2 protein chains.
Amino acid sequence: MTIAQVAQRTGLTAHTLRYYERAGLMLEPPPRGDNGHRRYTERDADWIALLTRLRASGMPIAAMRRYAELVRRGRDTYVARKELLEAHRADVIAKIEQLRSDLEIVDHKIDLYSRRIMGEE
Amino acid sequence: MTIAQVAQRTGLTAHTLRYYERAGLMLEPPPRGDNGHRRYTERDADWIALLTRLRASGMPIAAMRRYAELVRRGRDTYVARKELLEAHRADVIAKIEQLRSDLEIVDHKIDLYSRRIMGEE
DNA sequence: CTGGGAGTTAGAGCGCGCTCTAAGTCAAGC
DNA sequence: GCTTGACTTAGAGCGCGCTCTAACTCCCAG
């Protein structure tokens, strides 16, 4: 798989894929073909897909790097990995709650404007 | 009210309050005392509190500026204000949905590790 | 043999939202 | 008078996550 294909598949750009690699997010740097081009495996693509999900949920690059390091270190980091994800999970839930609460104010304001608009017309 | 008091109350720093003012987020620049210091009114503090809620819900500074402009322009912008907030509301809801969906993957992974840890011990 | 297209690198640049610095003014307390 | 502390300004700097540029190599089609 070429970098362009992985980009296509994951929605990231080739630039970003190289950036992620530099940032230490890959389990191992993808091997190169004779021409020096990266050749990604299916497993790489799956891993990158997972990264995009973690990223989309607001996990910082630094935490993703820590996670990648744990995965690289193998089976005896299951507990640490689980803890890392649980911490992230708590962050996400807190964020959702925060958004929900802020949404109330927005809704309230919208309501207010609705009534004012009604009152005028 | 001094800038420090408003900072205290809103959780922003004095630096940020001045930045918001420069960014055009205030309804009007707070008047100054004889010493040239800003003197905020209760209404200013309320407005800033609203800004922090909008900000916390992810509204960009630029959108907050547009909203402030509408408020400054007075009563005949109710519809536009409502539309702006409704657009923001849709953004927030979409974000919440996105987070919820990403959370599923995280939960799934946590589950996986739980079972692996169990299996090993 | 000549383009064109896809990849490579190191490193610069950008947009956002602050955050801080430097240099200055002013008022109150010792 | 002198220090301390709260404020003022213009503008620089920062952290994050990309995003892009320049210069290069390689390969293939015409």
Side-chain angles (χ1 to χ4, degrees), chain A residues 1-26 28-41 44-45 48-68 88 91-92 95 98-99 102, chain B residues 1-26 28-41 44-45 48-68 88 91-92 95 98-99 102:
Chain A
M1 243 181 152
T2 69
I3 196 167
Q5 286 167 326
V6 177
Q8 170 87 36
R9 206 150 120 165
T10 59
L12 300 174
T13 67
H15 283 305
T16 302
L17 287 171
R18 295 190 202 99
Y19 163 68
Y20 276 12
E21 187 180 328
R22 268 181 284 164
L25 301 188
M26 297 303 291
E28 49 198 28
R32 305 306 181 95
D34 312 8
N35 50 12
H37 293 193
R38 289 169 181 79
R39 311 234 291 102
Y40 292 88
T41 64
D44 287 326
I48 292 164
L50 174 60
L51 290 181
T52 63
R53 298 309 233 109
L54 293 177
R55 197 60 206 95
S57 62
M59 184 181 285
I61 300 288
M64 301 204 304
R65 176 165 45 237
R66 280 195 295 278
Y67 183 58
H88 178 56
D91 288 348
V92 176
K95 200 168 188 170
Q98 170 73 67
L99 286 177
D102 292 327
Chain B
M1 243 181 153
T2 68
I3 197 167
Q5 286 167 325
V6 177
Q8 169 88 36
R9 206 150 120 165
T10 59
L12 299 174
T13 67
H15 282 305
T16 302
L17 287 171
R18 294 190 202 101
Y19 162 68
Y20 276 12
E21 187 180 330
R22 268 181 284 163
L25 301 188
M26 296 304 291
E28 51 198 27
R32 307 305 182 95
D34 314 8
N35 49 11
H37 293 193
R38 289 169 181 78
R39 309 234 291 104
Y40 292 88
T41 64
D44 288 325
I48 293 164
L50 173 60
L51 290 181
T52 64
R53 298 309 232 108
L54 294 177
R55 197 59 206 96
S57 62
M59 183 181 285
I61 299 287
M64 300 204 306
R65 176 165 45 237
R66 280 195 295 279
Y67 183 59
H88 178 56
D91 289 349
V92 175
K95 200 168 189 171
Q98 170 73 67
L99 286 177
D102 292 327

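Model, not experiment: these values are computed from the prediction. Numbers restart at 1 for each chain; the letters A, B, ... are given by sequence-line order, proteins then strands.
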Whole-Å gap separating P (D:dA6) and CG (B:L17) | 16 Å
Using a 4.0 Å heavy-atom cut-off across all strands, classify B:A23 as base, sugar-phosphate, or nothing.
-> nothing
Give every residue pair that meets the salt bridge (charged side-chain N to carboxylate O under 4.0 Å, His left out) criterion with at least one member in residues 3-17 of chain B, sequence neighbours excluded.
-> B:R9-B:E42
Taking only residues two or more places apart in sequence or in another chain, which ones pass ring-ring contact (aromatic ring centres under 6.0 Å, His included) with B:Y20?
-> none
Residue B:Q8 excluded, over 12 heavy atoms near CD under 6.0 Å | no
For the helix from C:dC1-D:dG30 to C:dC30-D:dG1, what is the angle between the axes at its two ends, each from 5 pairs, rounded to 10°?
-> 30°
Touch check for A:A14, heavy atoms < 4.0 angstrom, all strands: base, sugar-phosphate only, or nothing?
-> nothing
From CD of A:Q8 across to C1' of C:dA6 the rounded distance in Å is 15 Å
Closer than 4.0 Å, any side-chain N/O of B:R38 to the OP1 or OP2 of D:dC7?
-> no
In B/S/- notation, 5' to 3', how is nucleotides 10-30 of chain D contacted by protein heavy atoms closer than 4.0 Å?
-> -B-----BBBBB---------
Calculate the interatomic distance between A:M1 atom CE and C:dA6 atom P; express it in whole Å.
-> 17 Å
Contact check, side chains of B:M1 and B:D44, non-hydrogen atoms, under 4.5 Å | no
In this structure, are over 12 heavy atoms from other groups packed under 6.0 Å from B:R39 atom CZ?
-> no
Minimal heavy-atom distance between A:E21 and A:R32, with the atoms involved, is OE2-NH2, 4.0 Å
Those residues that, when tested against B:R55, pass salt bridge (charged side-chain N to carboxylate O under 4.0 Å, His left out) (two or more places apart) = none
Report yes if at least one side-chain N or O of B:T2 is closer than 4.0 Å to OP1 or OP2 of D:dC7; otherwise report no.
-> yes
Gap between atom CG of A:L25 and atom CG of A:L50 - 0.5 Å precision = 11.0 Å
Distance test, side-chain N/O of A:R39 to OP1/OP2 of C:dA6, below 4.0 Å = no
Residue set satisfying side-chain hydrogen bond (donor to acceptor under 3.5 Å, both in side chains) with A:T16, at least two apart, ordered chain then number -> A:T13
Taking CD1 from B:I3 and C1' from D:dG5, how many angstroms apart are they, rounded to a whole number?
-> 15 Å
